[in-house]
There are 2 protein chains.
Amino acid sequence: MTRLSAEERRSALVQAALRVIARRGVTAATTRAIAAEAGMPLASFHYAFRSRDELIRELVAIVVESERLATMKSLTADVDIRSAVRAGLQAYFDLVVTEPGREQAMFELLHYALRTPGLGDLPRAQYESYYEVARVLLREGAARANVTWTLPLDEVAKLVVSLTDGLTLGWLADRDDAAAARLMDSAADFLATLAEPVSHSEPVTDPQGNPDTQPDPKSRPEEHS
Amino acid sequence: MTRLSAEERRSALVQAALRVIARRGVTAATTRAIAAEAGMPLASFHYAFRSRDELIRELVAIVVESERLATMKSLTADVDIRSAVRAGLQAYFDLVVTEPGREQAMFELLHYALRTPGLGDLPRAQYESYYEVARVLLREGAARANVTWTLPLDEVAKLVVSLTDGLTLGWLADRDDAAAARLMDSAADFLATLAEPVSHSEPVTDPQGNPDTQPDPKSRPEEHS
DNA sequence: GTCTATAAAGTGATAGAC
DNA sequence: GTCTATCACTTTATAGAC
């Protein structure tokens, strides 16, 4: 093996681990399997990482970030909000169908982190990243379609993430493409009902939809973007 | 250990396995851990089951069935459909909060089955059971509220299961009870928009909403129950 | 029927030669 | 810096004594 910097080795091992996990699951991602996938002897693993969990932690962070960047690009040219939402769901779903193992790996990593002491803070970060992606896409999509969301942006984003999670799990279980398409249709119909045309005299309070600034969670405000 | 029939042993081991998985995850459910939890020597495990996977297979079937029976009881006395749906979601969510490990175990078992050759047919059965529960509750709830669903029952059921899956995963990740409550509010609002008062001249075609009998998935019929 | 003892294979991690 | 060889441990599964 030619000489690599410690950082190069770490990156190569993380990418190798991701391939192994996508192909055969988190359980199969042993230090030996990861090192072999990266074409390194086992000892190089522990030269680059203190432990297997240290690699898993870096892996989740890197994959979440790369998913964030990839999904951010999925804004389409649609002008009406229903079509834009439907297209966004389809773009995500195409990703799932193209690489089911990869998306499955994200769920497995979530559950692994939930069960592993010392990794317990990862799930929150993972979902916060999902929510942020959803918020950005929903905000930009609404702006392009000249609509505002009638629920706080955070809540719409949570709905989107919940729906896509459910969509993904259901499809992974039954591989029913047509049912997934119908589900995305219904979800897009629903989300579109949460948007209304902008009123030009709209107040500009709380443009972020920050949950901490909501005066009363019980009240359901009329205008957010 | 006193003498037990083979069937009693199998049942005891399955229940012990479920406790271990709920407490510490699928990975921790080794034959040793399961036998110890059941208070048996290791060899009794292999006397009752040919292999660990044979137990897992039986475990999933039993747990799915017991969840089916438990959830079937969750019909409330609410008469308007929005309240009934909201109460149903709350009943499910209370179950998740009370026993998070158990619900987490169902996801872990799904992913385990998806990765294990010979268990590949379990996920489909698991989700078909979820869908059936949802269909029964939605049909009965609609009947009590004197409404009909404006989408095929199957599609409403898939929406419900997707939303609850997403709800559960999100809560497991961030443990945000208030956010989960808001999500259930939005979901109930949405699902209620898919119901309309019964028209008494309603035709009685396709009362089951069977997907195989739908003439054209692209068309979105107006009346189903 | 029941259980101790052990086989056979796999695991994360490391010592120490080069 | 790199890698072979190995440690200490855990896993599933079974042989064979009682």
Side-chain angles (χ1 to χ4, degrees), chain A residues 1-21 23-60 105 108-109 111-113 115-119 122, chain B residues 1-14 16-21 23-60 105 108-109 111-113 115-119:
Chain A
M1 185 97 275
T2 66
R3 296 211 175 180
L4 295 172
S5 75
E7 207 39 61
E8 287 171 321
R9 252 176 218 288
R10 287 172 72 92
S11 174
L13 283 166
V14 166
Q15 292 305 318
L18 182 57
R19 288 195 299 273
V20 171
I21 293 174
R23 203 187 310 129
R24 294 170 50 220
V26 170
T27 309
T30 64
T31 53
R32 279 176 174 76
I34 295 167
E37 174 78 21
M40 295 179 196
L42 174 59
S44 293
F45 184 102
H46 288 287
Y47 180 77
F49 291 98
R50 178 183 303 265
S51 71
R52 182 173 173 276
D53 276 352
E54 189 181 295
L55 175 134
I56 297 285
R57 168 171 279 277
E58 188 158 315
L59 174 74
V60 172
E108 291 177 314
L109 286 168
H111 292 297
Y112 180 82
R115 294 291 193 188
T116 307
L119 262 44
L122 280 177
Chain B
M1 187 94 271
T2 67
R3 295 211 175 178
L4 294 173
S5 74
E7 206 41 60
E8 286 171 320
R9 251 177 219 287
R10 287 171 71 93
S11 175
L13 284 166
V14 166
L18 183 56
R19 289 195 298 276
V20 172
I21 292 175
R23 201 186 311 127
R24 293 169 51 221
V26 171
T27 309
T30 64
T31 53
R32 275 178 174 73
I34 295 167
E37 174 79 20
M40 295 180 196
L42 175 60
S44 293
F45 185 102
H46 289 286
Y47 180 76
F49 290 99
R50 180 182 302 265
S51 71
R52 183 173 172 275
D53 276 352
E54 189 180 295
L55 176 136
I56 297 285
R57 167 172 280 276
E58 189 158 315
L59 173 75
V60 172
E108 291 176 315
L109 287 168
H111 292 298
Y112 180 81
R115 294 291 193 188
T116 307
L119 263 44

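Just so it is clear: chains get the letters A, B, ... in the order the sequence lines come, proteins before strands, and each one is counted from 1.
Rounded to whole Å, the distance from CG on Leu13(A) to C1' on dT2(D) is 14 Å. Atom CZ of Arg52(A) and atom P of dA13(C) are 9 Å apart (whole Å). In this entry the distance linking CD1 of Ile34(A) with P of dT11(C) reads 11 Å, nearest Å. To the nearest angstrom, P of dA13(D) lies 5 Å from NE2 of His46(B). Computed from coordinates, the Leu42(B) CG to dA15(D) C1' distance equals 13 Å when rounded to whole Å. As a whole-Å value, the separation of Arg24(A) CZ from dG10(C) P is 11 Å. Atom CE in Met40(B) sits roughly 17 Å away from atom P in dA13(D) (whole-Å rounding). The distance between atom CZ of Phe45(A) and atom C1' of dT11(C), rounded to the nearest whole Å, is 12 Å.
Side-chain proximity of Pro41(A) to dC3(D), dA13(C), dT14(D): nearest is dC3(D). Here dT2(C) is the nucleotide among dT2(C), dA13(C), dA15(C) with the atom lying nearest to any side-chain atom of Arg9(B). In the set dA13(D), dT14(C), dT14(D), dA13(D) carries the atom at the smallest distance from any side-chain atom of Thr31(B). Candidate nucleotides dT4(C), dA13(D), dA13(C) were compared by shortest atom distance to the side chain of Ser51(B), and dA13(D) ranks first.
Residue Ser44(B) places at least one side-chain N or O under 4.0 Å from the OP1 or OP2 atom of dC3(C).
Checking side-chain atoms of Gln15(A) against main-chain N and O of Ala12(A) turns up no donor-acceptor pair under 3.5 Å. Side-chain atoms of Thr116(B) do not come within 3.5 Å of backbone N or O of Leu119(B) as any donor-acceptor pair.
Counting heavy atoms from C-beta on, the side chains of Arg115(B) and His111(B) never come closer than 4.5 Å.
The residues Arg24(B) and Glu37(B) are annotated as not salt-bridged, no charged nitrogen and carboxylate oxygen being separated by less than 4.0 angstrom.
Comparing Asp53(B) and Tyr47(A) by the nucleotide of DNA chain D that holds the closest heavy atom to each, the one mapping nearer the 5' end is Tyr47(A). Along DNA chain C, the nucleotide closest to Ala43(A) and the one closest to Thr30(A) are compared, and the more 5′ of them pairs with Thr30(A).
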Report task. Test Phe49(B) against Arg10(B) for side-chain contact (heavy atoms from CB on, under 4.5 Å), laying out the working first. Result -> CA-CA 7 Å; Phe49(B) 290 99; Arg10(B) 287 171 71 93; 3.5 Å; yes
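For a distance-only test at 3.5 Å, the side chain of Arg32(A) qualifies as a donor-acceptor partner of the base of dG12(C).
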